[in-house]
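Worksheet: one structure, shown below.
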Amino acid sequence: MKSVAKLVPAFSIAAILALGACSSEATDAPEPESEPVQTLQVVERGFDQPEALADYLSESLDEVQVRLESESNPDYDEDVDADRLYVDFASAGKTDEDMEATAAVVQTVSQATFDFDVLMVTGDGSAGEWSYLYNPRTIDELTQGGQITVSEVWDAAEQDFDTIHR
């Protein structure tokens, strides 16, 4: 009889905890982020102008803007300044989506046939702005083998300014 008395309270406590977990999970649980894509295939078409790159990226990214420093900055000095390729787009502020968008930009830029010294990918959102900078050598390394691993794209950046996702 003593063993039954010990089982009943343990079972009751387990049932109460399970019910409590179910009820709080249903109301307080945040919506999960989307499942991240593991790899992206590298685009097989070349882009000879920033405008062609912008047209292609606008098919999958909202409010995308692409420009070269040398074409957009009247004070640009080619002997002193790096020719940055800026790719800015609207960010939802979700880590998985922003990392995947960055990987899509990097893999697309890998097919650019025009010259640039630095790629700066920037996401603008309600939470603020984040940026990752890549040199052409890193872009080549990331897209080697015809695909890019999404989870590696931010860690491979030469420099970043990101307080939103950390």
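Source: prediction; values computed, not measured. For reference, positions follow the sequence shown, starting with 1.
F161 places a side-chain heavy atom less than 4.5 Å from the side chain of L133. Counting only heavy atoms from C-beta outward, the side chains of V106 and L119 approach each other to under 4.5 Å. The closest side-chain heavy-atom distance from V87 to V64 is below 4.5 Å. Side-chain contact check for L40 versus T149: every heavy-atom pair is 4.5 Å or farther apart. Two residues are said to be in side-chain contact when any heavy atoms from C-beta on lie closer than 4.5 Å; E78 and S70 fail this criterion. For the pair M120/L85, no side-chain contact is recorded, criterion being any heavy-atom separation below 4.5 Å from C-beta on. Residues V105 and L61 meet the side-chain proximity criterion, which asks for heavy atoms closer than 4.5 Å. Inter-residue side-chain proximity for F89 and L57 is flagged as unmet; no heavy-atom pair is nearer than 4.5 Å.
S131 and T122 get closest at one heavy-atom pair: OG-OG1, 2.8 Å. The shortest non-hydrogen separation linking T143 to I139 is OG1-O, 2.9 Å. The two residues L53 and V109 come nearest to each other via the heavy atoms CD2-CG2, 3.8 Å. In this structure, I164 and E129 approach most closely via the heavy-atom pair CD1-N, 3.4 Å. Across V118 and A82, no two heavy atoms sit closer than the pair CG2-CB, 4.5 Å. Residue A92 comes nearest to E97 through the heavy atom pair CB-OE1, 3.6 Å, listed as atom of the first residue, atom of the second, then distance.
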Please report the C-alpha distance between D117 and R84 in whole Å, then the side-chain angles of each, then the deciding distance to 0.1 Å, and finally whether the side chain to side chain contact (heavy atoms under 4.5 Å, CB included) criterion is met.
-> CA-CA 6 Å; D117 299 314; R84 290 186 181 195; over 6 Å; no
Start with the C-alpha distance between L68 and F116, add both sets of side-chain angles, then the distance that settles side chain to side chain contact (heavy atoms under 4.5 Å, CB included), and finish with yes or no.
-> CA-CA 8 Å; L68 280 168; F116 62 93; 3.9 Å; yes
Apply side chain to side chain contact (heavy atoms under 4.5 Å, CB included) to D83 and Y76, showing your working.
-> CA-CA 8 Å; D83 199 2; Y76 175 77; 3.4 Å; yes
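Between Y132 and W154, the angle of the ring planes stays under 30°, which puts this pair in the parallel group of the 30/60° scheme.
The closest donor-acceptor contact from the side chain of Q111 to the backbone of T108 lies at 3.5 Å or more, if one exists at all.
To the nearest 0.5 Å, atoms CG (L142) and OG (S110) are separated by 9.5 Å. The distance from atom CD of Q147 to atom CD of Q107, rounded to the nearest 0.5 Å, is 11.0 Å. To the nearest 0.5 Å, atom OG1 of residue T39 and atom CD of residue E100 are 10.0 Å apart.
Within 6.0 Å of CG on D77 lie more than 12 heavy atoms contributed by other residues, nucleotides or ligands.
Sorted by first then second residue, the salt bridge (charged side-chain N to carboxylate O under 4.0 Å, His left out) pairs that include residues 46-68, not counting sequence neighbours, are R67-D88.
F114 and Y56 fall within a single hydrophobic cluster, where Ile, Leu, Val, Met, Phe, Trp and Tyr side chains are chained together by heavy-atom contacts under 4.5 Å. Hydrophobic clustering (side-chain heavy atoms under 4.5 Å, transitive across Ile, Leu, Val, Met, Phe, Trp, Tyr) keeps V42 apart from M99.
With sequence neighbours left out, Y134 forms a ring-ring contact (aromatic ring centres under 6.0 Å, His included) with no residue at all. The side chain to side chain donor-acceptor pair (under 3.5 Å) search around N73 returns E69, not counting sequence neighbours.
For the residue pair S91 / D124, no side-chain donor-acceptor distance below 3.5 Å is found, with atom types taken as modelled. For the residue pair E158/T138, the side-chain donor-acceptor check at 3.5 Å is satisfied. Neither side chain, W130 nor T163, offers a donor N or O lying under 3.5 Å from an acceptor on the other.
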